Asks: 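One structure, as structure tokens, below. Some questions next.
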Amino acid sequence: MFTFLKYLQPTSYFSLSRNSKGYVFPIIESIPKSVLEHLQGDATYKSEIAKSYDLAWQAIHKGYISDANTIQTISPIPLHDEYVFIRKNFSSVWVFYVLLIRIFSFKKPFKEFRNWFITRSTNRFRYIEDTIVHDGWEQFQSQLIAESPKVSVVIPTLNRYHYLKDVLKDFEKQDYTNFEIIVVDQSEPFNSGFYDEFKLNINVIKQAEKALWLARNTAIRNASGKFIALSEDDVRIESDWISKHLKCIDFFKADISAGVFYPEGQNLPKARSFFMMASQFATGNAMLYKSVFKEIGLFDRQFEKQRMGDGEFGLRAYLNGFKSISNPEASCIDVKADVGGLREMGSWDAFRTKKWFAPRPIPSVLYFFRKYFGNKAAKYALMRTVPLSIMPYQFKKNKAMLIIGALVSILILPIVIVQVLKSWRMSNIKLREGELIERLN
């Protein structure tokens, strides 16, 4: 809605209009009064349309979920209001970053600087301090759960029997019992006897090719359930994981329940601790109707042995109007196994390389960005992410180290340019080849 978001969130699901439903943001006049009470109007905006857009942004990010009328077209707003908005929602460092981009993009520098300066007193808005409570969730008796539809749990695995054992033990404790588990095992050596100790309905498929998206597609093709639950071999789940996903789908009349991850030894992130329209999709913790795959296809194998195949599927579902809910009730612990899995396929992190002249980011990332958002947005995404990817992954939440990373990226700029150009060329090949999405009969 706000133009400056193209610099700061260039590849956000919500920046795109859904095929027949418009944008995800509600028309303010259609929001119930009980929800409006959680929103804060802002008189510092000069235009009424900016005030309206700000309230719609707040509503979605505070957890408003509805099928009410949404914004169909986006109208331009004054430059002053653009700066007010980003100051309310992003740190001053990122606001200054936008100012620099605008000036170096040959915008009128005096006008840009003036509006940046006169909005400097705008305070940062913390939208998660007063999130929307969905009354009735705790007391809701799910008819869907009572009907007990079959759920097919999909788990691909590669050389992680030690970790897989723990999550299978968690599935033995589920309070919902009508489910099967389909494990696509790519391990070497393959241990068929490993599965004998579990009191579960397990269908083990041995796959010779080490390919994550092929594994998930194969499992979905073999699934007999009405619902597909996507899990991983290095997570831990609670005993109500399946039932909480089903309850979410039923309560919100949704197509997808997108669960939340949090690292082992930490708590659920506050920003993900409430129900909201899902802005991302992860194949390690989700449940959806199998019919979604029938309508939009399986996972795109252009992402094989690379990254963001789940993000692409989530966006595809979003664009086709499927309702996806970020579900904190179905959270899981991300153990982050240090062996096996995608690491053995040569690609673990999308932006951090292990070799000096390896592509940065991984080509599938640019394939995804360019396919759905265009080349210009992809370039903005590179500017936003590549400098911060110089530092190791474990420092990504350390602001000081991120700043050092940005400075280091300037020093090694020639190498970084070579990495990015290599990734861009390789994504060209993927785009020419086109998507590798098989249909589900």
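On a predicted model such as this, the values are computed, not experimentally measured, just so you know.
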Asks: Would you say the side chains of Ser91 and Arg124 form a donor-acceptor pair under 3.5 Å?
Replies: no
Asks: Hey, are Arg307 and Glu312 close enough for a salt bridge, meaning a charged N less than 4.0 Å from a carboxylate O?
Replies: no
Asks: Between Tyr83 and Phe4, is the ring centre distance below 6.0 Å?
Replies: yes
Asks: So, are Lys430 and Glu435 salt-bridged, with charged N and O less than 4.0 Å apart?
Replies: no
Asks: Less than 3.5 Å apart, any donor N or O on the side chain of Asp54 or Tyr45 sitting next to an acceptor on the other?
Replies: yes
Asks: Measure the acute angle between the ring planes of Phe14 and Tyr318, then classify it against the limits of 30° and 60° as parallel, tilted or perpendicular.
Replies: tilted
Asks: May I ask you to decide if Tyr23's main-chain N or O and Thr70's side chain share a donor-acceptor pair within less than 3.5 Å?
Replies: yes
Asks: Decide yes or no on side-chain contact (heavy atoms from CB on, under 4.5 Å) for Tyr262 and Asp334, but give the supporting numbers first.
Replies: CA-CA 6 Å; Tyr262 61 97; Asp334 187 1; over 6 Å; no
Asks: Is a donor on one side and an acceptor on the other found under 3.5 Å between the side chain of Ser15 and the backbone of Ser12?
Replies: yes
Asks: Is the charged tip of Arg316 near the ring of Phe313: under 6.0 Å from the six-membered ring centre and within 45° of its axis?
Replies: no
Asks: Below 6.0 angstrom between ring centroids: does that apply to Tyr372 and Phe368?
Replies: yes
Asks: Strictly below 4.0 Å, N to O, side chains only: are Glu112 and Lys107 in salt-bridge contact?
Replies: no
Asks: Is it the case that Arg370 places NZ or CZ above or below the six-membered ring of Trp424, under 6.0 angstrom from the centre and within 45 degrees of the axis?
Replies: yes
Asks: Would you sort out whether Arg439 and Glu295 count as a salt bridge (charged side-chain N to carboxylate O under 4.0 Å, His left out), showing the intermediate values?
Replies: CA-CA 8 Å; Arg439 312 305 298 186; Glu295 185 163 340; over 6 Å; no
Asks: Determine whether the side chains of Asn115 and His80 contain a donor N or O and an acceptor N or O closer than 3.5 Å.
Replies: no
Asks: So, Ser423 side chain and Gln419 main chain: donor-acceptor pair closer than 3.5 Å or not?
Replies: no
Asks: What do the steps show when you test Tyr289 against Phe322 for ring-ring contact (aromatic ring centres under 6.0 Å, His included), and what is the final call?
Replies: CA-CA 10 Å; Tyr289 283 95; Phe322 289 107; 9.2 Å; no
Asks: Would you please indicate yes or no on a ring centroid separation below 6.0 angstrom for Tyr367 and Phe303?
Replies: yes
Asks: Under 3.5 Å, is there a donor-acceptor pair between the Tyr161 and Asp233 side chains?
Replies: no
Asks: From the options Tyr64, Phe251, Phe252, select the one residue that forms a ring pair (Phe, Tyr, Trp, His ring centres under 6.0 Å) with Phe275.
Replies: Phe252
Asks: Taking Asp42 first and then Lys51, would you say they form a salt bridge - that is, a charged N and a carboxylate O separated by under 4.0 Å?
Replies: no
Asks: Working note: Phe190 + Val204, criterion side-chain contact (heavy atoms from CB on, under 4.5 Å); need CA distance, chi angles, decisive distance, verdict.
Replies: CA-CA 11 Å; Phe190 172 70; Val204 181; 4.1 Å; yes
Asks: Show your working on ring-ring contact (aromatic ring centres under 6.0 Å, His included) between Phe85 and Trp57 and close with a plain yes or no.
Replies: CA-CA 10 Å; Phe85 174 76; Trp57 168 275; 5.1 Å; yes
Asks: Is the charged tip of Lys88 near the ring of Phe125: under 6.0 Å from the six-membered ring centre and within 45° of its axis?
Replies: yes
Asks: If only atom types and distance count, is the side chain of Asn327 paired as donor or acceptor with the main-chain N or O of Lys244 below 3.5 Å?
Replies: yes
Asks: Using 4.0 Å as the upper bound for N to carboxylate O, is an ion pair formed by Lys323 and Asp255?
Replies: no
Asks: Check for me whether Arg384 meets the cation-pi criterion with Trp94, that is, NZ or CZ under 6.0 Å from the six-membered ring centre and within 45 degrees of the ring axis.
Replies: yes
